[in-house]
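Below: one structure, written as structure tokens.
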Amino acid sequence: MTRRVAGFLLALAAFMVFEWINLGFNLADGHPTGFYVVHGILIAVNLILALVVGVIGWRAWRASPTAGPRDRPA
């Protein structure tokens with residue numbers, strides 16, 4: 001995996017965490033309990049997915065060489 005893809009995965013994980021935590025804080029009062037249960041489950045599952053994507057991206061970032069393909073001698 002290239003560093004570019006790894007960086008994309010890290011950015012995606014950060015966006016997912018920001019977006020779902022933001023959604024959690026913006027849920028308005030006055031909905032039935034089922035609404036909050038479903039959205040709570042969605043938030044939890046997506047935060048777990050963000051963690052998995054972030055770990056994959058971090059490991060790929062650390063495992064990839066720092067020099068790009070253009071910087072390597074032929």
Side-chain angles (χ1 to χ4, degrees):
M1 184 180 309
T2 64
R3 284 180 74 89
R4 185 177 201 170
V5 173
F8 172 76
L9 291 177
L10 289 170
L12 178 64
F15 173 76
M16 288 174 69
V17 168
F18 171 76
E19 184 67 27
W20 285 98
I21 289 177
N22 191 29
L23 174 74
F25 283 120
N26 287 332
L27 289 176
D29 293 333
H31 293 284
T33 304
F35 175 86
Y36 294 111
V37 170
V38 168
H39 282 81
I41 292 170
L42 286 172
I43 291 168
V45 167
N46 278 285
L47 289 176
I48 291 169
L49 286 174
L51 178 66
V52 170
V53 169
V55 167
I56 292 170
W58 179 250
R59 287 182 180 176
W61 183 270
R62 291 190 58 207
S64 65
T66 56
R70 296 179 187 157
D71 299 333
R72 294 188 195 128

How long is the gap from [atom1] on [X] to [atom2] on [Y], to the nearest 0.5 Å?
X	Y	atom1	atom2	result
I43	I48	CD1	CD1	12.0 Å
F25	W20	CZ	CH2	15.0 Å
L51	I56	CG	CD1	10.0 Å

With a 3.5 Å distance limit and no angle check, can you tell me whether N46 reaches the backbone of L42 through a side-chain donor-acceptor pair? yes
Do you know which two heavy atoms are closest between [X] and [Y], and how far apart they sit?
X	Y	answer
L9	G57	CB-CA, 3.9 Å
W61	G7	CE3-N, 3.8 Å
A50	V17	CB-CG2, 3.8 Å
S64	M1	CB-O, 4.0 Å

Answer yes or no: are there more than 12 heavy-atom neighbours, outside Y36 itself, under 6.0 Å from its atom OH? yes
Give me the ring orientation class for H39 and F35: parallel if the planes are under 30° apart, tilted from 30 to 60°, perpendicular past 60°. tilted
Same cluster or not: are [X] and [Y] linked, directly or through other Ile, Leu, Val, Met, Phe, Trp or Tyr residues, by side-chain heavy atoms under 4.5 angstrom apart?
X	Y	answer
V38	I21	yes
V55	L10	no
L49	F18	no
L47	L27	yes

